[in-house]
Structures are given as C-alpha cells and as structure tokens.
Amino acid sequence: MAKLSLPLLALSIFFSTSLCCPDDQKLALLRFKSSLLHTLNSSTQYSLFGLDSWNASSDCCHWDMVTCSSHSNSRKVVALQLYSLLLAEQPIPIPSMVLSPLSRIQSLMLLDISSNSIAGEIPASVFANLSKLVHLDMMQNNFSGSIPPQIFRLRYLQYLDMSSNSLEGVIAKEVGSLLNLRVLKLDDNSLGGYIPEEIGNLTKLQQLNLRSNHFVGRIPSSVLFLKDLEIMELRDNSLSMEIPKDIGDLTNLTTLALSDNRLTGGITSSIQKLHKLKILRLENNFLSGGIPTWLFDIKSLKDLFLGGNNLTWNNIVNLEPKCMLDQLSLSSCRLAGRIPDWILTQKDIVFLDLSKNKLQGPFPEWLAEMDIGSIFLSDNNLTGSLPPRLFRSESLSVLALSRNSFSGELPSNIGDAIKVMILVLSGNSFSGQIPKSISKIYRLILLDLSGNRFSGNIPDFRPNLLLAYIDFSYNELSGEIPVIFSQETRILSLGKNMFSGKLPSNLTDLNKLEHLDLHDNRIAGELPISLCQMSTLQVLDLRNNTLEGSIPSTINNLTNLRILDVSSNNLSGEIPAKLGNLVGMIDTPSTIKPVSDVFTFPIEFSDLIVNWKKSKQGLSSHSLEIYSLLDLSKNQFSGQLPATLGHLKALKLLNISYNHLSGKDTRNIRQSRESREPGLVT
Ligand SMILES: *[C@@H]1O[C@H](CO)[C@@H](O)[C@H](O)[C@H]1NC(C)=O
Ligand SMILES: *[C@@H]1O[C@H](CO)[C@@H](O)[C@H](O)[C@H]1NC(C)=O
Ligand SMILES: *[C@@H]1O[C@H](CO)[C@@H](O)[C@H](O)[C@H]1NC(C)=O
Ligand SMILES: *[C@@H]1O[C@H](CO)[C@@H](O)[C@H](O)[C@H]1NC(C)=O
Ligand SMILES: *[C@@H]1O[C@H](CO)[C@@H](O)[C@H](O)[C@H]1NC(C)=O
Ligand SMILES: *[C@@H]1O[C@H](CO)[C@@H](O)[C@H](O)[C@H]1NC(C)=O
Ligand SMILES: *[C@@H]1O[C@H](CO)[C@@H](O)[C@H](O)[C@H]1NC(C)=O
Ligand SMILES: *[C@@H]1O[C@H](CO)[C@@H](O)[C@H](O)[C@H]1NC(C)=O
Ligand SMILES: *[C@@H]1O[C@H](CO)[C@@H](O)[C@H](O)[C@H]1NC(C)=O
Ligand SMILES: *[C@@H]1O[C@H](CO)[C@@H](O)[C@H](O)[C@H]1NC(C)=O
Ligand SMILES: *[C@@H]1O[C@H](CO)[C@@H](O)[C@H](O)[C@H]1NC(C)=O
Ligand SMILES: *[C@@H]1O[C@H](CO)[C@@H](O)[C@H](O)[C@H]1NC(C)=O
C-alpha cells in the first residue's frame, strides 16, 4: 500500500520522552481529526482506523500514524501515515479541504494520504506550506482538477505518487524543478497534452509511470538522458511516434512499457542494448516489420508482449532463446505453421498468448506437458482433439481455444484440471456429450462451449459453485431445459439447440440470472408466471420456440429487463398494458457492466442475434448494455396495442409485426417512437 522505504531511511528519528510535540502541531492534527469526523457524521456505515489515540491530553508524538523527530530542543512532526483511514461499505467522498489544518505542520517530510477517497481539487495553499516534503503519496483518492504548481515547488521531493485519481490538464513545465525526484507516478488519471521536455531535468529519476492518461505526441528526447531510469511505463495513452533509436541509452531500464498507444515503425535495434530489461510491453500499437530474434537474446527478459500490432514473425524454426520467459504474447504476429517448439525451452512460462495467428496442426503433446497457467490459442486453424495430458495440469487456469478447427470428444478427464477458472472452446467442431467430470472443476467461473456439435443432455453443473457465465448455444443439445446450475449463474445461453419440454418453473432458483437466452429451440407450453419473479433478468430471448398462452400481466415486475424477444412463437391474447411499465426500457440504466469488462483478458461472448432493421444482426457482448428492445412479432397477439408502450423511451427497437392487432393506437406509437429513433421497425 504505502511505500515508505525511500524517505523513512532518510529521516532521522529519535524517540525522546522528555520532549512533546509543539502545541500548534497538535492542535492542527486535532483539527484535522475533527473536520474528518464532521464530514463523516452524516454517513452511517464506516469505521475510522487509528485516530482513537489522537486526544488532547496526550503527546501527539505518541499517537498512531504520527512520527516526530528531534534535531534541536523541540520535537516536530515529520511523518504522517494517514493511508486507508476509513473502512466503509461504499467509498465516502471526503472533501479535500479536510487537509487544510495540515498546512500548519511545516516540518512534515512524509505525508501519505493514499486510499482515502478524498475528492475535489488539491488544496494548493496546503502544499505551498509543506516545503520540507520528501515523500508525498496521494494515490487512490479522487482528486480532480489540475496539478497545482505549488506541488512542483516542493524542491526536496524524492517521491511523488498521485496515481489513480481524476486529475486533468497537462503536466506543467515546472515539474522540471523537482530535481531530487526519484519516483514520479501519475498513472491512471485524465492528464493529457504533451509530456514536457522538462522531465529530462529530473536526472535522479528511477521510475516514471504515466500509464492510463491521454498523453499525445512523443516521448521527450530529454527523457532519454535519464541514466538512472529503471521503469518507464507510458502504457495506455495516445502517443504517436516511432520508438526512439536512443532508447537504448537508458541502460538501467528494467521495464519498458509502451503498450496501448499509437506507436509506428519497427522494433528498433537499440532495444538490444537494454541488457537489464525484464519487461518489454509493446502490444496494441501500430508497429510493423519483422520481430527481431535478438529480443530472445536479452537474458534478463521475463515478460514479452508484442501482440496487436502489424508485426511479422519470420517463422524461424530453430530459435535458441537465451531468455527464460514468464509471459509471452505473440498474438496477431502472423505466426504460421505448427506451434513453434522453441517454446519448449521456456520452462518457466505461465502465460502464453498465440491467438489470432495462422497456426495449424494439432495441440502439441509437449505443450500440454508444460503445465502453463494461461493458454490463449483462439483464432488459429488448429486441428485434432485435445490431449488428455493438458487436463492433468497442476496450473491450468485459463484455456481459450475459440475459432479453431479442433474436433473429437472432450477428454473424459477434463475434470482433473481443477484449477481452471475460464474455459472457452467456442467455434470448433467438438462433438459428443459434455463430459460429466467438468462438474469437478469447482473454481470454474466461465464456460463457453458454443458453436460446436455437442449433443445429448447437459450434465449436472450444480457442484460448480462459482460458475456464472455459461454459453452452450449453437450445439445439438437436447432434453428438457435443465435447472442444474449454480446459484451464481448470471448468463445462461442455450439458444439454437434442440431443447424441448416446458419452461421449468424452478428457473427462479437462479436468483442472480441476468441473461437467459433460449432462442431457436423447441420449448412448448405457457410462460410460467414464476418467470416474473426473476427481477434480476436483463435479457430474455425466447425467439422461435412453440410457446403459447399469453404474456403474464405481472411482467412489469421484471424491472431490469431491457431486451425481451418472444418473436416467432404462438403467443396469443392481448399485449398486457403493464409492458409499458418496464422500468429498464424506460430509462436504460448506465451502471450495467458488459461481461467483457468483468475479465481482464480478451473474452468474446457470442453475439446476441436479433432481428434488426429487417435482417438478423448480432449485438456484441461488448456493448449489449446499451441496447433496449422489445420484439413481439410473429405471434398470435390480438386486440389493441396498449398506448402505454409509448412510455418505453429507452427502446431502440419495437417490433409488433405479424400479429392480429387492431386499432389506431398502433400508428400513433409507431410515429412517436420513430420520431425518437429513426431505425425503428414496426
Ligand atoms: C453528529 O451530528 C449530531 C447532530 O446531527 C451531533 O449531535 C453529533 O455530536 C455529531 N457527531 C460528531 C462526531 O460530530
Ligand atoms: C488519550 O490517549 C492516551 C493514549 O494515547 C490514553 O492513554 C488516554 O487515556 C487518552 N485520554 C483520553 C481522555 O481519552
Ligand atoms: C503556513 O504556516 C504558517 C505557520 O504555521 C501559518 O501562519 C500560515 O497560516 C500557513 N499557511 C496556510 C495557507 O495555512
Ligand atoms: C470522482 O469525482 C468525479 C467528479 O470530479 C465524479 O464524477 C466521480 O464519480 C468520482 N469518482 C468516484 C469513484 O467517486
Ligand atoms: C532544467 O534544468 C536546467 C539546468 O539543467 C535549468 O536551467 C532549467 O531552469 C530547468 N528547468 C526547469 C523547468 O526547472
Ligand atoms: C544506473 O544507475 C545507477 C544508480 O542506480 C548509476 O550509478 C549508474 O550510473 C547508472 N548506469 C548508467 C549506465 O548510467
Ligand atoms: C501491415 O503491414 C503490411 C506490410 O507488412 C502492409 O502491407 C499493411 O498495409 C499493414 N497493415 C496495416 C493495417 O497497417
Ligand atoms: C485450415 O486447415 C485445413 C487443413 O488442416 C485446411 O483445409 C483449411 O483450408 C484451413 N483453413 C484456413 C481458414 O486456413
Ligand atoms: C428443477 O426441477 C427439475 C425437475 O422439474 C429438477 O430435476 C431440478 O433438480 C430442479 N432444480 C433445482 C435447482 O431445484
Ligand atoms: C426456428 O427454429 C427451427 C428449429 O427449431 C429452425 O428449423 C428454423 O429455421 C427456425 N426459424 C427461423 C426463422 O430461424
Ligand atoms: C416480483 O418480484 C419480487 C422479487 O423482486 C418477488 O418477490 C415477487 O413475488 C414478484 N411478484 C410477482 C407477482 O411475480
Ligand atoms: C397456435 O395456437 C393456436 C390456438 O391459439 C392453435 O390453433 C395452433 O395450432 C397453434 N399453432 C402451433 C404451430 O402450435
């Protein structure tokens, strides 16, 4: 959490019992405590850590989180470690003005106020007074506005961490005055503009982290003279340039992370001079040209990420790496032929991403034996069946093999891989039954078997207590709709199979279900009234089954429903007026996270196919949360169309065609909807 190493070594701390902390400093600290309590008074659910010992009758040098120093006759407060002060169920924004009293403690050398959800502008006047600061940690708050120039006048500063806030604006040139700075972390803010040349003035800089901001332009040439620089993290900005040729002069670099920018050109040969380099991250740029083999001669290299560029692998077969990698990503690097067997020399590898290439041939037995933790081989043309050895791995936690040409049955020992959390085998030609042993994989969270030729009944998944994301769509599975999944189930996609029977009334047991897709099956009978108890449902797709009866009038109980598709069934009766009360279609909530955001690596769910503008279209799982639609077409609905449907303001699509509806209301609704959304089909 708080990084204390640097400055605490520099501080000389003497514990003296005879001397007390100055009254004005004690008063300032008590004021800080009371303004903090005052702020929190209206909030109920929180507990404050460590300020209990702060009371007027004791020596503040003995308070928790306070450190005093003594150089001459009087002791002074030199360090305040006020990180993570409160534990609350939800972060309570603390206004930044609570810091005001601290401006009286001019002797402060270390101030750590990280992880406190302090919000608002950085109070410039406070820091103007704290001119002796050596170490300032403000990370993980919600400071906004720009960085006040007063911060850049703290000339003794060695450590400055303002990462993970909401800071905006540019880094002022004045940053170049912080001549003692060793660590500068401004990552994960909304800073932008050019990175100032003046950073090159910070000749003692060892760490520069500007990741996840909006910086444009180039790496300043002056930065390339920072000989002590060990870590340069400029990931996730909008830098556009070639990698500077003289980056190789930064011979102390251990981390060079430039991924998720707009870098162009090739991988410059000067990188081979970085003989201490451990982490090289260049993925997701516009780099082009060949991948140089000398990269694998950098002995210290541990993590190499080159995917998502326009790089070319020259298919060197007899590569003899001198490095021993932990992580390797060569996604979309035009690897062709078989999975290269020099990977076998990388005994320590835990993460391997060779997705989006043109690899052919089988899943090699030697790769199965390497016990790798995460394997991404999606979007290649690999064939054959999976070696059973793969699932005897002690380490396998992620296996993503989507869109290849794998075939055959899944090995019956698949359940031996008990550490697997993510298993994505979609878009292959796997066949046979889903092996029962999968239920032994108790850590499984996501299982995507869609787009294969699996047949038969679904085994019991209730032992997979964490399984939340299930996609078995586009297979040949049959039997009644099973309710044999964990209570954690959020997504259940069983569309385009051969399921039959009625909709089970105990679907309600899945009380976290958000997305239920059963389209293109042979489900018959009526919609169970119990369906209306599933208030977590956001997406309900029952298109093209043989459902009959009417829509229960309690349907408006589904307050989170945004997508309802019951088209191409045999539903009849009137369309319930209460459909117009579906809250999720009136006001699309903006809080819903797309599933793809839940995982930190690239996971593609199958698109939700809907009839859209007279043709079938897939709504990507990445943006499903923005859609709201109601498709009642191709049924036997009769009577008048309820005018209440006009309330559904968030609807992007309303389709009621091919029913037996009557009445003038239809046209009115159509007109009012079309005036809002030009792409509407009725
Ligand atoms: C909180 O507010 C109440 C009145 O609303 C007051 O009586 C109480 O002293 C306050 N507590 C603190 C810690 O300020
Ligand atoms: C003040 O805190 C000290 C410990 O730091 C404790 O011994 C003392 O009892 C406290 N006094 C009051 C009035 O709470
Ligand atoms: C700075 O500290 C001095 C001395 O304690 C004090 O007089 C002054 O008010 C402080 N400035 C601010 C802005 O708090
Ligand atoms: C941070 O503050 C901004 C306003 O400056 C606000 O929009 C945002 O919701 C806050 N974020 C958090 C996590 O509190
Ligand atoms: C940068 O350093 C040079 C001396 O090396 C100095 O003249 C200049 O004022 C510094 N710039 C800033 C902004 O501090
Ligand atoms: C590497 O850093 C050390 C200090 O950490 C420094 O003494 C040395 O000069 C640097 N190396 C080069 C080649 O500049
Ligand atoms: C990728 O590089 C090839 C040459 O290797 C070039 O023909 C092609 O236009 C580049 N594609 C993009 C999108 O830059
Ligand atoms: C995939 O490989 C098979 C032979 O193994 C070949 O017939 C097929 O054309 C390949 N498909 C693509 C898209 O390269
Ligand atoms: C739901 O009911 C079916 C029989 O209709 C039963 O096989 C299944 O175990 C039930 N599921 C749950 C979770 O109770
Ligand atoms: C409806 O589903 C059946 C299989 O149950 C399929 O044969 C038919 O093509 C589907 N109709 C449409 C319009 O997709
Ligand atoms: C409405 O939903 C709640 C759960 O949110 C449920 O308890 C209640 O039974 C439902 N009412 C109807 C009529 O389905
Ligand atoms: C649809 O329902 C009607 C009665 O409402 C019935 O006559 C008809 O046979 C049903 N059609 C199908 C395909 O189930």
Side-chain angles (χ1 to χ4, degrees), residues 5-6 9 39-40 43 46 84 86 88-97 114-123 138-147 158-159 162-169 180-183 188-191 200 202-208 212 222-232 240 242 246-256 261-267 270 272-278 282-292 300 306-315 331-336 356-358 589-591 593:
S5 49
L6 258 172
L9 286 177
T39 308
L40 295 172
S43 319
Y46 74 91
S84 300
L86 57 149
E89 247 169 46
Q90 284 178 339
I92 303 162
I94 301 173
S96 55
M97 286 323 290
S114 60
S115 307
N116 279 319
S117 62
I118 302 174
E121 302 219 342
I122 297 174
M138 309 169 75
M139 73 173 287
Q140 270 187 30
N141 282 290
N142 195 11
F143 287 109
S144 53
S146 54
I147 303 173
Q158 295 182 16
Y159 184 103
M162 305 173 101
S163 57
S164 300
N165 280 289
S166 302
L167 297 169
E168 296 168 344
N180 289 302
L181 211 57
R182 267 102 169 139
V183 175
D188 202 5
N189 278 292
S190 300
L191 298 163
L202 315 179
T203 51
K204 294 179 181 161
L205 207 59
Q206 293 166 354
Q207 259 195 65
L208 174 63
S212 294
S222 61
V223 168
L224 304 173
F225 293 103
L226 299 173
K227 302 297 181 208
D228 289 352
L229 203 59
E230 289 167 13
I231 296 178
M232 189 197 290
S240 54
E242 299 201 351
D246 32 7
I247 205 141
D249 296 341
L250 299 174
T251 48
N252 270 340
L253 270 193
T254 58
T255 295
L256 177 61
N261 279 292
R262 296 174 190 164
L263 303 178
T264 56
I267 299 179
S270 62
Q272 55 187 315
K273 288 197 268 173
L274 305 176
H275 59 271
K276 292 186 189 168
L277 198 61
K278 284 194 185 133
L282 301 174
E283 77 273 19
N284 301 327
N285 279 292
F286 301 122
L287 298 173
S288 55
I291 296 173
S300 51
L306 300 176
N309 282 291
N310 191 13
L311 293 164
T312 311
W313 179 255
N314 298 316
N315 290 309
S331 165
S332 63
C333 288
R334 300 197 203 152
L335 272 72
K356 299 184 184 161
N357 282 297
K358 292 174 184 158
S590 54
T591 51
K593 267 194 170 181

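Side chains included, hydrogens not; waters and symmetry mates left out as well; all remaining heavy atoms used. Just so you know, ligand 1 is whichever comes first in the structure, and atom 1 is the first atom listed for that ligand.
Under a 4.0 Å N-O distance rule, the pair Lys273/Asp249 qualifies as a salt bridge.
Per-residue contacts place Arg334 under 4.0 angstrom from the following atoms of ligand 7 (heavy atoms of the residue considered): 1 (C), 2 (O), 5 (O). Taking a cut-off of under 4.0 Å to the non-hydrogen atoms of Asn252, the atoms of ligand 6 that pass are 1 (C), 2 (O), 3 (C), 8 (C), 10 (C), 11 (N), 12 (C).
For ligand 7, the polar-atom distance check against Asn310 finds a nitrogen or oxygen pair separated by under 3.5 Å.
The closest donor-acceptor contact from the side chain of Asn310 to the backbone of Ser288 lies at 3.5 Å or more, if one exists at all.
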Check each N or O atom of ligand 4 against all protein N or O atoms and list the pairs under 3.5 Å, with atom names and distances to 0.1 Å, one per line.
{"residue": "ligand 4", "atom": "2 (O)", "partner": "Asn142", "partner atom": "OD1", "Å": "3.4"}
{"residue": "ligand 4", "atom": "2 (O)", "partner": "Asn142", "partner atom": "ND2", "Å": "2.4"}
{"residue": "ligand 4", "atom": "11 (N)", "partner": "Asn142", "partner atom": "ND2", "Å": "2.8"}
{"residue": "ligand 4", "atom": "14 (O)", "partner": "Asn142", "partner atom": "ND2", "Å": "3.2"}

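Counting heavy atoms from C-beta on, the side chains of Asn314 and Ile291 never come closer than 4.5 Å. Side-chain contact check for Phe143 versus Met162: every heavy-atom pair is 4.5 Å or farther apart.
Asn142 and Ser166 share a side-chain donor-acceptor pair at under 3.5 Å. Judged by distance alone, the side chains of Asn252 and Lys227 never bring a donor and an acceptor atom under 3.5 Å apart.
The side-chain hydrogen bond (donor to acceptor under 3.5 Å, both in side chains) search around Gln140 returns Ser115, not counting sequence neighbours.
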